[in-house]
Structures are given as structure tokens and as C-alpha cells.
Amino acid sequence: MPDAKPDARPDAMPDAAVDLVRFRKTGDGVPASPLGTPMGNQREGLQCPADELPIGAAFDVTDNVVAAHGQRVVTSLHVRCGKVELVDGAPRTTPTARISTLANACATYAPVTTSAEALCPAGTVLLGLTGNHGTGSMFNNVSLQCAALVGGVVTGTLTAVAVTGTGGDTTLPDVTQCVPPRALGALKSYVDCGADAVLASCFAITSTRL
């Protein structure tokens, strides 16, 4: 008798394609009101690559109170970029590079310490920053304001994420924040010995299916 033939096996099913949607800024930016007072030297805006968004930040902060401003103050800015996506309908945020604006090395502001880095949760985008205004200019006590994305639209449902290590003053609350459905797409600053002011540049947000 001929050898029995092995049972025929169907070809393995190919992996299902992943539905990937990525969010990015589009159009021209609209400036928000500043956190702090615009003085000193205006720096180029901190902008992430075209298919990424700012998703978090850290700050260099003086260890000691700066007498002219009545509090510890932010000197340098560090913005974390990232890919904000939906993967099969589930939100995902992937951090990428960090970009910075550094203050001048002024001896009277030293020493400084870099704060912890705070990130917006998955399913949100960065809408703005809150802080405490110093005397004259500058700021400390920074929190991220992260706005929920619902159906691909930036909403007014906010999550505040404190940036640990940026001071704790609360005498003069201040904010730079976009108005939904725009979100923060770039961060502009006025920096000399310290960060006199920072302001959100607000962009429309669109999505691309990859």
C-alpha cells in the first residue's frame, strides 16, 4: 500500500494590518498670552518634527531665590517631542527627542537644577503651561495642561500634570494656554539670564492614517 499522505494544512493566516493614525499640527500658529513677562531676548520657537508634537517638558530652575524676582525662577526650557497616535483605536504616545532653549550663564543665577520631566498622558495633547509669575518677570511652579483628544478633536477636558522640582510659589498664578480645538504646537521664549516669559504657539491638529 502506498504511504499515507500527511493531512493537508491550510496556509497560516497573515497578520492583520494595524490601523495606525498619527496626529500632527497644521496651518499657521496663533500665539497665546505669555506666562511671565516678555523681556530679554526672544529665542526661536521650540518646534518638533512635522509628524510629532510637544508632549512634555522639564525646566532648569535656580536653587536659590533670585531677589529681583522674589522666588526661585526657571532659566532654561526642555521640550520632549513625541508621536501621538491611535493604534487600532487605542491611544499611544511615544517619546522621541528632547529640544532645549538654554539661558545665558549668569553667575548670579547659579546654581541651577534640572527638574523632573513631566509628560502628557496617552490620549491627550499639550494645551499649555501654568506657573507662578515672579516680580517683574520670570516664573516657577510649572504644570502641564493636557487636553483630551476625542474623535480626533482637541477638547476642553484637561489633565494637569505638575512638573516636579520647579518651585512652589502661588502668589501670582499665570498661564499660557491654547483654546481648543487648537493645541500647543511650538513653545516660544524670552530668555536672558533666566526665562522671562514663555508662550504657546497654537495650531490646528489634524490626523493621518499610516
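Hydrogens, waters and symmetry mates are skipped; everything else that's a heavy atom, side chains included, is used.
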**OP:** Answer with yes or no whether the hydrophobic clustering places Leu129 together with Leu158; edges join I, L, V, M, F, W, Y residues whose side-chain heavy atoms lie under 4.5 Å apart.
**Re:** no

Original post:
Any chain of hydrophobic side-chain contacts (each under 4.5 Å) joining Leu199 to Leu184?
Top reply: no

Subject >> Beyond-backbone contact of Leu53 with Lys25, side-chain heavy atoms, under 4.5 angstrom >> reply: yes

Original post:
Taking all atoms of both residues into account, what is the closest heavy-atom pair of Ala118 and Val163, and its distance?
Top reply: CB-CG2, 3.9 Å

Original post:
Would Asn41 and Val191 count as a side-chain contact (heavy atoms from CB on, under 4.5 Å) if you check the C-alpha gap in whole Å, the side-chain angles of each, and the deciding distance to 0.1 Å?
Top reply: CA-CA 5 Å; Asn41 300 311; Val191 176; over 6 Å; no

Original post:
How about Thr37 and His133: do any of their side-chain heavy atoms sit closer than 4.5 Å?
Top reply: yes

**OP:** Rounded to the nearest 0.5 Å, what's the gap from OG1 on Thr135 to CG on Asp169? Could you check?
**Re:** 9.5 Å

Original post:
Hey, quick one: are Val142 and Val73 part of the same hydrophobic cluster, counting side-chain heavy atoms closer than 4.5 Å, chains of contacts allowed?
Top reply: no

Subject >> Distance-only donor-acceptor check, side chains Asn132 and Thr170, under 3.5 Å >> reply: no

Subject >> Spatial distance of atom OG1 (Thr75) from atom CZ (Phe59) [nearest 0.5 Å] >> reply: 10.5 Å

Original post:
What pair of heavy atoms forms the shortest contact from Asp174 to Gly36, and how long is it?
Top reply: OD2-N, 2.9 Å

Original post:
Would Asn104 and Asp192 count as having a side-chain donor-acceptor pair, cut-off 3.5 Å?
Top reply: yes

Original post:
For Gly82, does its backbone N or O pair with a side-chain atom of Thr94 as donor and acceptor, under 3.5 Å?
Top reply: no

Original post:
CG of Leu119 to OG1 of Thr124: how many Å apart, nearest 0.5 Å?
Top reply: 9.5 Å

Original post:
Will you find, in the side chains of Asp60 and Thr114, an N or O donor that is under 3.5 Å from an N or O acceptor?
Top reply: yes

Original post:
If we only count heavy atoms from C-beta on, is the Tyr190 to Met39 side-chain gap below 4.5 Å?
Top reply: no

Original post:
When rounded to the nearest 0.5 angstrom, what distance separates CD in Gln47 from CD in Glu52?
Top reply: 12.5 Å

Subject >> Arg80: salt bridge (Lys or Arg N to Asp or Glu O under 4.0 Å) partners, not counting sequence neighbours >> reply: Glu117

Ignoring hydrogens and angles, write down the donor-acceptor pairs under 3.5 Å from the side chains of residues 202-210, residues two or more places apart or on other chains.
unit_1	atom_1	unit_2	atom_2	d
Thr208	OG1	Arg24	NE	3.4
Arg209	NE	Asp19	OD1	2.7
Arg209	NH2	Asp19	OD2	3.4

**OP:** Please round to the nearest 0.5 Å and tell me the distance separating atom OG of Ser100 and atom CG of Leu77.
**Re:** 8.0 Å

Subject >> Candidate pair Val18 and Asp88, rule side-chain contact (heavy atoms from CB on, under 4.5 Å), full reasoning >> reply: CA-CA 6 Å; Val18 174; Asp88 288 337; 4.1 Å; yes

**OP:** Taking the side chain as every heavy atom from C-beta outward, state whether Val198 and Lys188 have any pair of such atoms under 4.5 Å apart.
**Re:** no

**OP:** Using side chain to side chain contact (heavy atoms under 4.5 Å, CB included) as the criterion, point out the one residue from Leu46, Thr101, Leu102 that pairs with His78.
**Re:** Leu102

**OP:** Using a 4.5 Å cut-off on heavy atoms from C-beta on, say whether the side chain of Ser115 contacts that of Thr166.
**Re:** yes

Subject >> CG on Leu187 to OG1 on Thr176, rounded to 0.5 Å >> reply: 7.5 Å

Original post:
Do the side chains of Leu127 and Phe23 join up, straight or via other hydrophobic residues, at under 4.5 Å, putting them in one cluster?
Top reply: yes

**OP:** Scan residues 91-138 for pairs that pass disulfide bond (SG atoms under 2.5 Å apart), counting only residues two or more places apart or in two chains.
**Re:** Cys106-Cys193, Cys120-Cys146

Subject >> Any Arg92 side-chain heavy atom under 4.5 Å of Leu86 side chain >> reply: no

**OP:** State whether the number of non-hydrogen atoms from other residues, nucleotides or ligands found under 6.0 Å of Asp63 atom CG is greater than 12.
**Re:** yes

Subject >> Close side-chain approach of Leu149 to Val125, heavy-atom, < 4.5 Å >> reply: yes

**OP:** Would you name the heavy atoms of Val153 and Pro181 that are closest together and state the gap between them?
**Re:** CG1-CB, 4.3 Å

Subject >> Residue pair Val175 / Leu35, side-chain heavy-atom distance below 4.5 Å >> reply: no

